[in-house]
Amino acid sequence: MRKTILWKDAFQAITHSLGRYIAIILLIGLGTFAFTGLKMAGPDMRATGADFFNKHNLADVTVTSNYGINSTDRMTIRNLPEVKQASFGYFQDVKNKHNNDTLRVFSKSGDLSSYELISGHFPKNRNEIALSYLLKKKYRIGQKITFTKPGILKNKTFKIVGFVKASEFLDKNQIGQTNIGNGRLTGIAVTTPSAFASPVYQVSRVTFKNTQNLSPFSVTYRNRVYHDQDKLQTALNKNRADKHQKYITMYKNQYRKKAAEQMLKRGISVDPAQIKVPKNKIKIAYPSYTISGREESQGYASYRADSERVEVLANVFPGFLFAVAAFVSLTTMMRFVEEERTNIGTLKALGYSNGAIAIKFLLYSTSAAILGVILGASFGYTFLPDLIIKAYLASSTLGTGYEINFAWGPLLISLLVALISTTVISIFTLHQTLREQPSALLLPKPPKNGSRILLEHWSWLWNHMSFSAKVTARNIFRYKSRMLMTIIGVAGCTGLLVMGFGIRDSLQGIGGIQYSDIQKNDVIALRSSNVTKKEQNKLDNLLKEKGIKQSNAIQYQQLTKHIASSGSTENVMLMVPKSNKNFKKSINLRERQSKKKLQLTNNGVIISEKLANILNAKKGSTISLKNSHGKTYRFKVNGICEMYLGHYIFMNQQEYEKATGKKYATNAYLVTMRKHSSAFINRVSRKLIKSAAIETVISSSANRRLLGSFTGSLNEVIFILILISGMLAVVVIYNLTNINVAERIRELSTIKVLGFYDNETTMYIYRETIILSGLGIIVGFGFGWWLHHFIITSLPPDVAMFDPNMYPMNFVFSALIPAMITAALAIVVHQKIKRINMLDALSSID
């Protein structure tokens with residue numbers, strides 16, 4: 001037999017049920033769009049970053065020392081077997097004479113960690129300088145810039161000849177700390193090595209051999225750098241004693257020479273070598289080396305964490321989106337096969353084979369699946385990653401030159417899920433139908449036997465229900481598959497909305513909690529070493545000025561903990577207050593859930609909650625942390641405090657001395673201002689740094705901006721996910737309502753013939769949708785709560801924690817969206833019911 005009629009019938013099936021066909025395409029398309037888009041955003045970000053780092057040959061680590069990098073240090077670095085390449089350079093922090101801008105001026109680094117020229121040209125002599133492109137609005141090419149206290153720079157005045165992008169600084173806002181100005185760098189600059197006058201280098205940039213061809217964002221890369229960094233630290237530490245002795249000898253010779261000159265002025269001639277140097281006259285700090293990996297750069301760590309946060313969403317959100325879409329598509333296709341029951345019987349009676357009959361269903365389901373995947377993927381591989389990457393790069397110096405890549409994996413997975421949800425299910429259902437005889441297929445399926453529902457057994461309730469309420473209750477339980485489909489479909493959409501709004505709520509307000517309720521200090525002022533009594537008195541008076549509300553002296557150190565599972569090295573701030581009572585005014589130590597106040601005792605230490613989570617520590621656990629010289633300290637955990645940014649460990653003086661074996665001494669101040677504006681904090685910070693007793697100031701406003709960068713870019717992504725969830729809700733509820741009307745067209749025609757008005761007819765069927773949507777919303781609350789908890793514990797970077805609490809308005813908004821969609825679609829259903837041709841519907845075969 002000719003199959004032309006079959007193909008014609010197949011295409012007519014699409015046109016005659018175009019609404020359902022488009023609904024399946026949109027359901028598959030939404031799932032594919034979210035899955036491919038979120039799956040590709042993270043890899044696209046990492047590929048963009050990796051290309052940028054490779055292009056500029058970004059160093060694996062940088063080495064600095066409080067006494068510079070001398071010839072012995074250079075030899076040690078170059079001779080380490082693990083080192084592939086090393087370069088050495090200068091830098092100096094300076095302040096613009098005409099404003100408060102503080103710049104870190106580097107010597108041009110050559111091949112390692114090179115600079116990208118944005119405009120102008122690179123400096124060619126010691127009188128020229130190029131500034132960061134982020135300063136283009138404040139400075140111009142050809143302008144002269146003059147620095148106060150140029151340090152090791154030979155000149156005070158330079159001519160600006162260009163603007164550059166530094167590969168070592170990825171964050172537009174977090175440049176770094178300094179010991180001049182307000183303690184925070186405004187930007188960076190670069191000039192020629194000949195512009196510096198120093199017997200030693202200030203920085204060394206190093207790459208390792210075993211990190212080549214590794215993704216710079218991989219755990220393997222971070223672990224290898226950590227181990228090579230540890231070996232380099234050990235090798236350099238062997239130079240400390242010799243370097244210390246050399247500087248002692250140098251300072252002694254300088255003291256003897258100066259003393260001999262003073263005595264000669266008095267007419268006494270003496271050999272400098274004969275002068276004895278008092279021990280208290282030579283006080284110099286012991287040499288130390290600071291080796292910083294890429295993770296130490298806030299911009300680098302944030303960029304990596306951002307790309308991984310998208311992966312967390314990609315592994316969860318599209319999965320549930322696809323599950324809802326697949327379930328509704330599955331039910332839709334099953335309904336489609338049932339509707340075609342009579343046509344299938346006719347074709348079988350005419351002698352068409354089962355394969356020929358299947359053409360219609362294969363064409364309908366497969367074309368819908370493929371078109372849905374193509375539609376979703378076309379936007380998922382381009383629009384969504386573009387949107388997400390733009391949001392994350394807003395605070396990065398990587399700029400707009402990002403890559404949008406293609407990978408077959410997400411596309412093939414989407415296609416497989418789509419085909420299973422449509423083609424496989426329709427063929428399976430068709431197979432069951434084709435097993436029946438044509439004579440049985442030509443008759444409509446007999447209705448299910450009526451049965452009493454649970455409510456009927458509660459006569460005290462059932463007898464008081466109206467007729468329409470009884471009909472609604474019976475119909476809900478009569479069509480159990482549709483009931484489950486509606487509840488699960490709406491629950492899935494509501495759950496995704498609860499998750500989206502919940503994450504948004506978790507991001508908002510944590511800055512206020514962190515820096516108003518918990519950390520009340522505005523800055524941490526680090527004291528200089530070897531402060532004289534006069535300088536200390538001046539500082540004490542400064543801390544009592546009207547602009548400063550309070551200050552607390554503390555012991556402040558930065559400890560580290562390497563996490564092998566993630567390859568990250570976490571910085572942990574240790575704080576030991578001089579006065580436990582006053583310390584409460586600066587840091588509010590409390591438990592997050594109970595808000596119970598925590599006390600510093602002799603029984604252990606208090607650590608921040610995120611640190612406890614990373615280390616799997618609880619009260620009574622013992623944790624180990626390393627200091628800057630690689631020495632390991634062990635601490636017993638006595639409490640876990642609320643903290644949303646950074647890792648902290650708090651203890652009293654006795655516990656500090658017991659754990660470290662060192663005598664307690666203060667070296668920093670927690671300072672709280674009377675005004676908390678950035679301008680006021682910067683003004684007081686400059687006054688503190690000007691005093692010789694303060695080395696540098698760490699402002700909480702910088703951390704507040706960091707927390708803002710975590711939440712700001714993520715908020716845009718969450719908005720997209722909420723929008724997708726809303727669109728899914730529209731398609732799901734419309735499709736389910738459409739099926740409900742189509743499935744019961746004769747029933748609706750019958751009650752219209754019996755005299756029901758259009759409004760009554762609409763409510764007859766739509767009352768079920770409203771009840772089932774309500775049940776779906778309630779189920780979705782529980783599902784969304786669990787989903788939010790899972791994501792909010794996985795989503796934040798290692799250094800931050802988001803608020804895990806859920807708030808009432810989140811559930812209100814999440815319920816309001818599907819409720820409004822349900823209400824809006826009631827109008828569509830009402831118009832459809834008004835147009836029902838009762839005679840045509842009732843004249844079908846009985």
Side-chain angles (χ1 to χ4, degrees), residues 3 5-28 323-373 416-448 478-486 488-489 731-732 734-747 841 844-846:
K3 294 184 180 179
I5 189 68
L6 289 177
W7 286 103
K8 185 178 180 181
D9 185 44
F11 283 110
Q12 283 179 342
I14 294 174
T15 56
H16 288 169
S17 59
L18 196 60
R20 177 170 54 198
Y21 185 72
I22 292 173
I24 295 173
I25 291 173
L26 290 176
L27 283 169
I28 299 298
V324 174
F327 183 77
V328 176
S329 299
L330 176 153
T331 312
T332 305
M333 290 308 302
M334 289 176 66
R335 174 62 192 156
F336 175 55
V337 173
E338 287 183 12
E339 284 179 357
E340 293 292 320
R341 180 182 173 84
T342 304
N343 288 341
I344 293 170
T346 303
L347 291 171
K348 284 197 75 173
L350 291 172
Y352 282 93
S353 66
N354 289 347
I357 295 171
I359 288 174
K360 174 196 289 188
F361 303 95
L362 282 172
L363 177 67
Y364 192 97
S365 58
T366 305
S367 64
I370 292 173
L371 286 173
V373 170
L416 181 64
V417 173
L419 290 174
I420 290 173
S421 307
T422 53
T423 306
V424 173
I425 293 301
S426 62
I427 294 302
F428 176 78
T429 308
L430 181 64
H431 175 69
Q432 301 295 322
T433 305
L434 289 172
R435 292 171 65 181
E436 297 184 42
Q437 294 299 319
S439 57
L441 292 171
L442 288 169
L443 294 173
K445 233 180 181 180
K448 292 180 180 179
R478 179 186 172 193
Y479 302 101
K480 292 183 177 65
S481 61
R482 191 176 62 242
M483 175 184 73
L484 288 173
M485 182 175 66
T486 306
I488 292 174
V731 178
V732 165
Y734 171 78
N735 199 36
L736 295 176
T737 305
N738 206 29
I739 289 174
N740 199 9
V741 172
E743 194 175 35
R744 298 164 67 184
I745 194 77
R746 297 186 71 251
E747 182 181 346
S844 59
I845 299 174
D846 262 328

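Here, residue 1 is the first one in the sequence, and each next residue gets the next number. What you see is a predicted model, and the numbers here were worked out from it, not measured in a lab.
- With sequence neighbours left out, S367 forms a side chain to side chain contact (heavy atoms under 4.5 Å, CB included) with I14, Y21.
- Proximity of F361 to T433: side-chain heavy atoms (C-beta onward) are nowhere separated by under 4.5 Å.
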Evaluation steps, side chain to side chain contact (heavy atoms under 4.5 Å, CB included), between N354 and K348: CA-CA 8 Å; N354 289 347; K348 284 197 75 173; 4.0 Å; yes

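- The side chain to side chain donor-acceptor pair (under 3.5 Å) test applied to Y734 returns no partner, not counting sequence neighbours.
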Intermediate values then yes/no, side chain to side chain contact (heavy atoms under 4.5 Å, CB included), N343 and I357: CA-CA 9 Å; N343 288 341; I357 295 171; over 6 Å; no

Side chain to side chain contact (heavy atoms under 4.5 Å, CB included) evaluation trace for T422 with T366: CA-CA 7 Å; T422 53; T366 305; over 6 Å; no

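- In this structure S426 satisfies the side chain to side chain contact (heavy atoms under 4.5 Å, CB included) test together with M333, V337, S365, sequence neighbours excluded.
- Atoms CG and CD1, on L430 and I425 in that order, are 12.5 Å from each other to the nearest 0.5 Å.
- Counting heavy atoms from C-beta on, the side chains of V373 and L419 never come closer than 4.5 Å.
- Residue L347 holds its CG atom at 10.0 Å from CG of L434, rounded to the nearest 0.5 Å.
- Residues I427 and A358 approach most closely at CD1-CB, 4.5 Å, considering heavy atoms.
- The closest side-chain heavy-atom distance from I24 to Y364 is below 4.5 Å.
- Counting heavy-atom neighbours within 6.0 Å of Q432 CD, excluding the residue itself, gives a total above 12.
- Minimum heavy-atom separation, P438 to G345: CB-O, 3.8 Å.
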